[in-house]
Amino acid sequence: MVNVDPMPDHRPLLQMQGIVKQFPGARALDGVDLEILPGEVHCLLGQNGAGKSTLIKILAGAHQPDEGQILLDGAPVVITHPVAALTLGVATMYQELDVVDGLTVTENIFLGHELATAGFSQRRAATRRTRELLARLGHPDISPHKEVGRLSAAGKQIVSMARALSYDARIIIMDEPSAVLDSEEVANLFRVVRELARDGVAVVYISHRLDEIRQIGDRITVLKDGRAVAQNLDVAQTPTPDLIRLMTGRSVDQVFPDRLPVAPEAEVLLRVTGLGLKGTFHDVSFEVRAGEVLGLAGLVGSGRSEILETVYGARTATSGTVEVAGRRTRRGSVKSAVDSGVGLCPEERKSQGLLLDEPIYRNITLSAFARFASAGFLDESAERRAAQQQVEALDIRPHDVDRTVRTLSGGNQQKAVLSRWLVHGCRVLLLDEPTRGVDVGARAEIYSLIRALAAAGTAVVVVSSEIDEVLGMSDRVLVISEGQVVFTSPAESIDEHQVLALVMEGSAA
Ligand SMILES: Nc1ncnc2c1ncn2[C@@H]1O[C@H](COP(=O)(O)OP(=O)(O)OP(=O)(O)O)[C@@H](O)[C@H]1O
Ligand SMILES: [Mg+2]
């Protein structure tokens, strides 16, 4: 926790007053106030769709408010454009990573700094500055010359952070920065946030992970359905259950659903033997039985996601085999994996998961097309019904299957990706970060859905950066470090600290 000691007469750095934002069909903000002090970490909490991203996009100049005003140092300002925000000293890291894949790390960081017209010496300076920023973020390993498209989601997030830092802003907005980061990287991020706060920079921090809010936050504003239901709460004085009640209007049982014993004679639905992907992971072997949830724990970059993608055939294994219910799937063939009943809910929803301009129901029923197609026609009403069920089960808001996915909040988009695989009815379900960006209420629902799928005989493999989540959701855990399985254990007989020690040890070796 950052200890700022605001002087009694300390003037707010920034005030947003009575902000209203109406989208077609959704009043995202209905008169919201926000007050930010210099040097504080101000947390913005609220369920998926509460209006958090909309509020900070207004501050960032990406949206215009319909009503309300913004005061900076007590004087009204109009932020007509993202560049105007930067000029006023407001830098933003968006929830939807907005780095440009085709450009290098340095080019991304200095995109707004007119590097295009810069001469050689300026480019050299930019590269040097990029190195400094990456080192500050604990990532001297990322090359300034690397094409951003070749980085992992976490790598992209780090570039986005470096870019926000490059502006020497007075206010830095971070919209769910930790969603793609592992524990080590979150620790790096927090160290930087504390340094910023010490220098008087205000950080607006959005996260669904309440333990993070406790660690890093000073004050909290809670949004619910486009209104601020609590303002400037002192983090230290506000117990977590109170926060949950403010956000959801109810108390949420955060406990993971009970595990059901996996019968030793249950069929092995997924058998991975000596699987390798050159340069990424090697000699990975495991089995998952019907009814079992296997968790893969490890740092970002440990090879977790690549293992899932290789099992799914999206990457071509360089060694080893994958068998589904006793039958080998073809290397590097998604079709072969899907035909045998394997589904993958990917980590990066924006690029891999969703058709942003299609309605919710299409996105949900996408991979199950065969089931809804009869004699070459899609049975739209069956599609809709199946989607409607999922929308309600996962509480995808709004409960309107005709809404375009682009207009959903980040967490609701994530739920749409997940529900597609639930409709699909896979025998083997691979889930990469299934609760990323999802609020506390919906998380509990996702946990019990995954349990219900397992109980119905699905073999589930789940990757999560949150170690407590991997342990809580899984029957068995594999710890992955540097592309190798370093430990296997029933989830009940290992705790968070042991897993952390294992992943760190492995990565230090
Ligand atoms: N471009 C848009 N068009 C229509 N509606 C939108 C648009 N952007 C957001 N909305 C709606 O505004 C509301 C608030 O969305 P917002 O993205 O601000 O939520 P959030 O609090 O950031 O949620 P999350 O935790 O899921 O990221 C939601 O109902 C969303 O569907
Ligand atoms: Mg959001």
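Whatever order the structure lists them in is the order used to number ligands and atoms, beginning at 1.
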Rounded to the nearest 0.5 Å, the CE atom of Met16 sits from the CD1 atom of Ile36 at a distance of 9.0 Å
### Query
Yes or no on side chain to side chain contact (heavy atoms under 4.5 Å, CB included) for Ile396 and Ile364, after CA distance, side-chain angles and deciding distance?
CA-CA 11 Å; Ile396 298 175; Ile364 291 183; 4.3 Å; yes
When you compare the side chains of Tyr447 and Glu469, does any donor N or O come within less than 3.5 Å of an acceptor on the partner? yes
of all protein heavy atoms, closest to atom 4 (C) of ligand 1 is Phe23 CB, 3.3 Å
Under 4.0 Å from one or more heavy atoms of Asn48, ligand 1 contributes atoms 23 (O), 24 (P), 25 (O), 26 (O)
When distances are taken from atom 14 (C) of ligand 1, the protein heavy atom at minimum range is Gly49 O, 3.3 Å
Checklist line | Contact with ligand 1 for Arg27, non-hydrogen, under 4.0 angstrom | finding: no
re atom 27 (O) of ligand 1, the protein heavy-atom contact at minimum distance is Gln95 NE2, 3.0 Å
Atom 16 (P) of ligand 1: of Ile56, Leu29, Thr54, Leu408, the nearest heavy atom sits on Thr54
Compute whether any side-chain donor of one residue and acceptor of the other, for His208 and Glu176, lie under 3.5 angstrom apart.
yes
Taking the side chain as C-beta and beyond, is there a heavy-atom pair between Met473 and Pro434 under 4.5 Å? yes
dist Arg129:CZ -> Ile109:CD1 (nearest 0.5 Å) comes out at 9.0 Å
The option among Gly25, Gly410, Ser53 carrying the non-hydrogen atom nearest to atom 22 (O) of ligand 1 is Ser53
* Asked: Less than 4.0 Å between a side-chain N and a carboxylate O, is that true for Glu132 and Arg136?
  -> no
Atoms of ligand 1 under 4.0 Å from any heavy atom of Arg403, numbered from 1 in the order shown, are 5 (N), 31 (O)
Numbered in order shown, the ligand 1 atoms found under 4.0 Å of a heavy atom of Gly411 are 24 (P), 26 (O), 27 (O)
Quick note on ligand 1: atoms under 4.0 Å from a heavy atom of Glu176 include exactly 25 (O), 27 (O)
pair Leu137-Leu165: side-chain heavy atoms closer than 4.5 Å: yes
Note to self: I'd like to know if the Mg ion (ligand 2) has an N/O/S atom from Asn48 within less than 2.8 Å of it, counting both backbone and side-chain atoms.
What the structure shows: no
side-chain contact (heavy atoms from CB on, under 4.5 Å) test vs Met174 passes for just one of Ile206, Val204, Val193, namely Val193
Parallel, tilted or perpendicular, as decided by the 30° and 60° cut-offs, for the rings of Phe190 and Tyr205:
perpendicular
Quick note on ligand 1: atoms under 4.0 Å from a heavy atom of His208 include exactly 25 (O)
*Please assess Thr221 against Asn232 for the test side chain to side chain contact (heavy atoms under 4.5 Å, CB included), listing each intermediate value before the final yes or no.*
CA-CA 5 Å; Thr221 293; Asn232 306 334; 4.0 Å; yes
The angle formed at the Mg ion (ligand 2) by OE1 of Gln95 and OG of Ser53 is about (to 10 degrees) 80°
Atom 12 (O) of ligand 1 has as its nearest protein heavy atom Ala28 CB, 3.3 Å
So the atoms of ligand 1 within less than 4.0 Å of a heavy atom of Gln47 turn out to be 21 (O)
Does Gly46 have a non-hydrogen atom less than 4.0 Å from ligand 1? no
Looking only at protein heavy atoms, what sits closest to atom 10 (N) of ligand 1 is Thr407 O, 3.3 Å
Among non-hydrogen protein atoms, atom 17 (O) of ligand 1 lies closest to Ser409 CB, 3.4 Å
